[in-house]
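Just so you know, these numbers come straight off a predicted model, no measurement behind them. Heavy-atom basis, side chains included; hydrogens, waters and symmetry copies ignored. One is the number of the first residue; the rest follow in order along the sequence.
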Amino acid sequence: MKQEQMRMAVLLFLNCIVKSTPAATASLPWPPPPTTTTTSFLDDLAADLAIAPLIRADHDATERASADFGGNLSSSSSAAAAAVLYPSRPADIAALIRASCAQIPPAAPFPVSARGCGHSVRGQATAPGGVVVDMPSLASRRGATPSQRRVAVSVEGRYVDAGGEQLWVDVLRASLAHGLTPVSWTDYLRLTVGGTLSNAGISGQAFRHGPQISNVLELDVITGVGEMVTCSKEKERDLFDAVLGGLGQFGIITRARIVLAPAPAMARWVRFVYTSAAALTADQERLISVDGKVVGGLMDYVEGSVHLSQRSLVDTWRTQQPTSPSSSSTSSFFSDVDEARVAALAEEAGGVLYFLEGAIYYGGAAAGVPSAADVDRRMDVLMDELQYARGFAFVQDVSYEGFLDRVYDGELKLRDAGLWDVPHPWLNLFLPRSHILDFALGVFHAILRHTPAMGPVLIYPMNRNKWDGNMSAVITDDDDEVFYTVGILRSAETAGDVGRLEEQNEQIIEFCEENGIPYKQYLPYYSSQAEWEKRHFGAKHWPKFAQRKSKYDPKAILSRGQRIFTSPLA
């Protein structure tokens, strides 16, 4: 079916929605409908169709909904949506999906995709020729009271109920108001709850608490047949496990109940400089060890990064230069003198350095949270035991919230410089411990060695036993207890950079395959179902994934932008 025919079908079949649905015009979403005339088929919709006022098919709406953080899509591409739904409540989303299911052959069900902040990089949240659901509309209704903003903390139950459209930074602030906090995060908090839980949600806390999907008690989900289901490990367990890490294939998350713990007040934020990947990864593995030996468990947050000497330390969005000598910005670490010293060390080391970034949380009124004196003692042990380059340890104390939200400082500076809304050809890989040094040698010291970094290259150590194998997220299939997430998070500052960086990403994948490195992509992208089956899921995971798809979204309506299922399963 051609694009315009699909657009027509989308809105024609909305007439299948049950007209007894209560009118939603009293709580229309934001932004309001455009003032310009929309397409004729929208104008022709029945005036009493309950969901019609919440749908836009004008160019401004569909263009926004058909773009993402990756920056490689446009409204004229195959990812273009026909319309956008701005729901005022979850029932509006369910009605839309039921309308798609109700199409009568030869017409096919139109795609439906949930879009939070559009932070995907390969069009994963698009609905080609279909309808994108603007999830933030659930949180931004005009006249909404605090109780309607869909974040509710239970102090006694130690959990927070958050709408799938809520930003993690708002979940954090609501929890901190009660002295509580979620325990597993992403490094960037301006992402939605439903978005990260549909992938996994990882950062430097995952070694201890697992990814975000391992810290969910309950979900409200709208399936691919328009059913609104509450699920957990005790109720509708298969759907619960399917949706978490399920890439949006089995349902749209409209609420998540997330585990909370007592919140610290402060973070001792440290960076140690290393001259070899072997020393860095050995220390990372000691730090995340559960055996309690010497440094095991002393840090609450453990991450690594790669510094390529062609790029200044103060040029990336994670290491910003102080704006003044007295600056208290949480993103300031290296002075001009520090940068010169590190540059000299990088030259001695052959142009590649490694950083171990960590944090120890402390302070506050909660029992069991370390004191400042406890942190000092831990730091003494770390300074003595870790294998960093002596004289290259950098420390600052910041608020707990400031540490968790530190990437936002860099975002604001990049926005001011006009460098935020540029293409982002990112590549994220899960790699086994047994191959991490081979990867470092072939990629960091060869493929990337003579390329400006153009963004951070991150290395997270993970403990496999913190991941739930029944959930849909796929990690490496080897037997290594420790595995790594490597994030090559580059920005294409000019048009010519995009193709070059994409080619380099392919070169990295080819290097892994030619050298027998069993990788898996995180935030994965493949162009066909056959590729997904063979290269991502494999014989171990594909049968269950496909079976769940046929059960919860048999007409393959949801998240076709992932390109896993573009038509119903046979």
Side-chain angles (χ1 to χ4, degrees), residues 10-11 13-33 42 45-57 61 65 81 83-102 110 112-117 125 127 130-153 160-167 170-171 174 192-195 197-198 218-231 236 239 243 248 250-258 557-559:
V10 166
L11 292 164
F13 280 102
L14 288 176
N15 286 298
C16 297
I17 298 171
V18 179
K19 293 188 178 182
S20 61
T21 304
T25 53
S27 57
L28 284 175
W30 193 260
L42 253 184
L45 284 174
D48 63 343
L49 186 61
I51 205 172
L54 307 180
I55 295 174
R56 287 174 52 178
V84 183
L85 172 70
Y86 297 89
S88 63
R89 55 184 183 163
D92 297 331
I93 305 171
L96 176 72
I97 294 173
R98 289 197 299 272
S100 180
C101 287
F110 53 81
V112 175
S113 289
R115 186 181 191 274
C117 298
V131 181
V132 169
V133 178
D134 184 79
M135 295 298 288
S137 294
L138 292 171
S140 57
R141 295 175 296 169
R142 287 181 288 177
T145 65
S147 64
Q148 294 174 315
R149 291 180 187 142
R150 295 171 47 80
V151 180
V153 175
V160 56
D161 281 324
E165 77 288 347
Q166 295 294 321
L167 299 183
D170 295 322
V171 175
T192 61
V193 169
L197 295 182
S198 295
E218 187 176 270
L219 295 172
D220 284 347
V221 173
I222 302 173
T223 70
V225 294
E227 292 183 351
M228 301 174 69
V229 182
T230 297
C231 54
E236 303 289 347
L239 177 61
V243 168
F250 311 109
I252 294 174
I253 298 170
T254 59
R255 178 187 64 91
R257 179 166 290 178
I258 301 154
I557 289 170
L558 299 176
S559 294

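In this structure, Arg255 CZ and Gln166 CD are separated by 13.0 Å, a value rounded to the nearest 0.5 Å. Atom CE of Met228 sits about 8.5 Å away from atom CZ of Arg98, to the nearest 0.5 Å. Between the CG atom of Asp170 and the CD atom of Glu165 there is a distance of 10.0 Å, given to the nearest 0.5 Å. The CD1 atom of Ile55 lies 6.0 Å from the CG atom of Leu96; values are rounded to the nearest 0.5 Å.
Taking both residues in full, the closest heavy atoms of Ala125 and Val132 are given as O-CG2, 4.3 Å, listed atom of the first, atom of the second, then distance. Ala94 and Gly226 get closest at one heavy-atom pair: CB-O, 3.6 Å. Summarising the geometry of Gly224 relative to Ile557, their closest heavy-atom pair is O-CD1, 3.7 Å, with the distance given to 0.1 Å. Val153 and Ala174 make their closest contact through CG2-O, 3.6 Å (heavy atoms, listed as atom of the first residue, atom of the second, distance). The two residues Ser559 and Gly248 have their closest heavy-atom pair at OG-O, 3.0 Å. Considering every non-hydrogen atom in both Phe110 and Gly130, the closest pair reads CB-CA, 4.4 Å.
Under a 3.5 Å cut-off, the side chain of Asp92 and the backbone N or O of Ser88 do form a donor-acceptor pair.
Here the side chains of Leu85 and Asp134 are not in contact, with every heavy-atom distance at 4.5 Å or above. Using a 4.5 Å heavy-atom cutoff, the side chains of Cys231 and Val221 are in contact.
When each of Leu219, Leu239, Ile222 is paired with Val229, the side chain to side chain contact (heavy atoms under 4.5 Å, CB included) condition holds for Leu239 and for no other. Tested against Ile97 for a side chain to side chain contact (heavy atoms under 4.5 Å, CB included), the candidates Val225, Thr223, Ile252, Val131 yield a single pass: Ile252. Partner of Arg257 under the side-chain hydrogen bond (donor to acceptor under 3.5 Å, both in side chains) criterion, chosen from Thr230, Asp161, Asp220: Asp161.
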**Prompt:** Under the side chain to side chain contact (heavy atoms under 4.5 Å, CB included) criterion, do Leu138 and Arg150 qualify, and how do the steps go?
**Reply:** CA-CA 8 Å; Leu138 292 171; Arg150 295 171 47 80; 4.1 Å; yes

